[in-house]
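Worksheet: one structure, shown below.
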Amino acid sequence: MALRTVSALKRRLGGAGLGLLRSGQISSAAGRSGAGRARAGRGRGVAWTRPRLGEEQLGPTCPVGPTWESVSRPSSTDRKCLGRAGNFLPCAAQHRLEKTPSYIDYPATARRSFSNHRVIVDMDQSLGVATIKIKNPPVNSLSLELLTEFLIGWEKLENDKSCKGVILTSNYPKIFSAGLDILEMCGKNAAHYTEYWKAVQELWLKLYMSNMVVIAAINGSSPAGGCLLALTSDYRVMADNPKYTIGLNETLLGIVAPFWFKDNLVNTIGNRASEQALQLGLLFSPAEALKIGLVDQLVPEDKVQSTALSVMSQWLKIPDHARQLTKTMMRKPTADLLLKQREADIDNFVRFISRDGIQKSLHMYLKALKERKE
Ligand SMILES: CCCCC/C=C/C(=O)SCCNC(=O)CCNC(=O)[C@H](O)C(C)(C)COP(=O)(O)OP(=O)(O)OC[C@H]1O[C@@H](n2cnc3c(N)ncnc32)[C@H](O)[C@@H]1OP(=O)(O)O
């Protein structure tokens with residue numbers, strides 16, 4: 001399988017992203033994450049004005065390995081391809097993205113909102129805080145289309161120097177996200193699984209390594225990939241409703257959480273708790289999740305957003321430069337493990353998910369979900 005990793009996905013997103021740039025909807029300022037800067041500085045022909053955070057600070061003795069840009073900076077071939085319509089999206093979705101006037105800029109200077117079909121972004125410019133609401137009915141499953149639209153929105157925020165923090169939440173109280181879309185992993189071909197897994201990897205890397213403060217406002221259940229999404233954040237506020245659950249329940253589907261899901265969990269709740277949680281596919285109530293440190297704070301349902309915002313304001317009081325360097329120091333070794341073996345990880349996923357036994361398990365799980373309703 002050819003290695004077409006970060007830069008390839010960027011290339012694919014590049015068509016759609018560039019369309020937005022042409023219509024003046026994406027700032028041409030260099031973004032703060034390495035990935036964002038790589039796109040802004042090289043892919044879009046914008047002067048490379050800001051050094052990568054950390055390079056000038058840590059210098060050649062920095063112990064954290066290859067730089068983000070060294071992995072993700074587009075090549076000259078990539079740059080040529082940026083002008084093409086992205087073929088990353090399935091045709092229908094690509095068409096909708098191109099046709100829809102998806103960005104709505106309000107005249108008021110303090111707030112700016114944009115949305116596409118599955119992601120609503122509300123930017124409070126006076127605070128420098130964006131709220132991303134996922135809206136992929138009925139259960140916010142992380143379909144390929146959602147991941148793509150999310151990544152485009154994320155890139156825009158990364159490239160907006162005024163955006164310091166992001167609150168992740170769901171447009172549908174009761175369900176934060178049902179996790180990866182099982183239908184994307186069932187009955188498709190290897191090319192589709194490859195495409196899907198690249199997008200999942202990309203989402204995790206972008207969010208986990210973002211220089212922005214990311215806070216998850218978990219306003220509903222959050223199994224598997226939904227839990228992973230929350231785990232990428234710096235702080236998790238969850239609605240205190242015992243009906244909701246959160247956890248990496250992959251084994252219940254007969255599948256195995258990849259090593260980077262596991263690493264993210266271990267970094268959050270520790271090795272022993274992760275061993276049990278992962279093997280048993282535990283879904284925790286909010287109270288249990290708080291106890292093991294899977295979430296940081298429980299609040300009544302109607303206080304999730306406001307609490308996330310007030311936590312955000314605390315985090316934004318810390319000198320940004322120092323906080324970002326510290327976050328990078330803490331997380332880069334974990335992200336590097338995936339960056340160094342993205343192709344192998346894709347191969348593993350495709351081989352694993354294509355097995356008859358795994359396909360059967362996933363079909364049975366979907367059937368059980370449906371029967372539960374009847
Ligand atoms: C090497 C491989 C590694 C792969 C790593 C995988 C990670 C993952 O994330 S796998 C996905 C794991 N997700 C789950 O186990 C969640 C399953 N869903 C639920 O538990 C519930 O749906 C719920 C708690 C999220 C919401 O419950 P409820 O409000 O009662 O909604 P329904 O169960 O009736 O679901 C409505 C509708 O949505 C379909 N659906 C639910 N989850 C998914 C999903 N993850 N992917 C695709 N489709 C999903 C469900 O089947 C229903 O469909 P219909 O019957 O056709 O309406």
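Along the sequence shown, the residues carry numbers beginning at 1. All ligand and atom numbering here is 1-based and tracks the order in the structure.
- In this structure, a donor-acceptor pair under 3.5 Å is present between the side chains of T169 and Q305.
- Residues N140 and S170 have side chains that bring a donor and an acceptor to within less than 3.5 angstrom of each other.
- For residues 224-253, every residue pair satisfying the salt bridge (Lys or Arg N to Asp or Glu O under 4.0 Å) rule, not counting sequence neighbours, is listed here: D234-K327, D234-R331.
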Contact table, ligand 1 N/O with protein N/O, distance under 3.5 Å:
from	atom 1	to	atom 2	distance (Å)
ligand 1	9 (O)	L180	N	2.8
ligand 1	9 (O)	G225	N	2.8
ligand 1	13 (N)	A178	O	2.9
ligand 1	15 (O)	N249	ND2	3.1
ligand 1	15 (O)	Y365	OH	2.6
ligand 1	30 (O)	R372	NH2	3.4
ligand 1	33 (O)	R372	NH2	2.7
ligand 1	45 (N)	A178	O	3.2
ligand 1	45 (N)	L180	O	3.0
ligand 1	46 (N)	I182	N	2.9
ligand 1	55 (O)	K370	NZ	3.2
ligand 1	55 (O)	K373	NZ	2.8
ligand 1	56 (O)	K370	NZ	2.7
ligand 1	57 (O)	K373	NZ	2.8

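- With respect to the salt-bridge test (charged N to carboxylate O, under 4.0 angstrom), the residues D345 and R342 do not qualify.
- Between the side chains of Q279 and T251, no donor-acceptor pair of N or O atoms lies under 3.5 Å.
- Counted by atom type alone, D263 and Y208 present zero donor-acceptor pairs between their side chains at under 3.5 Å.
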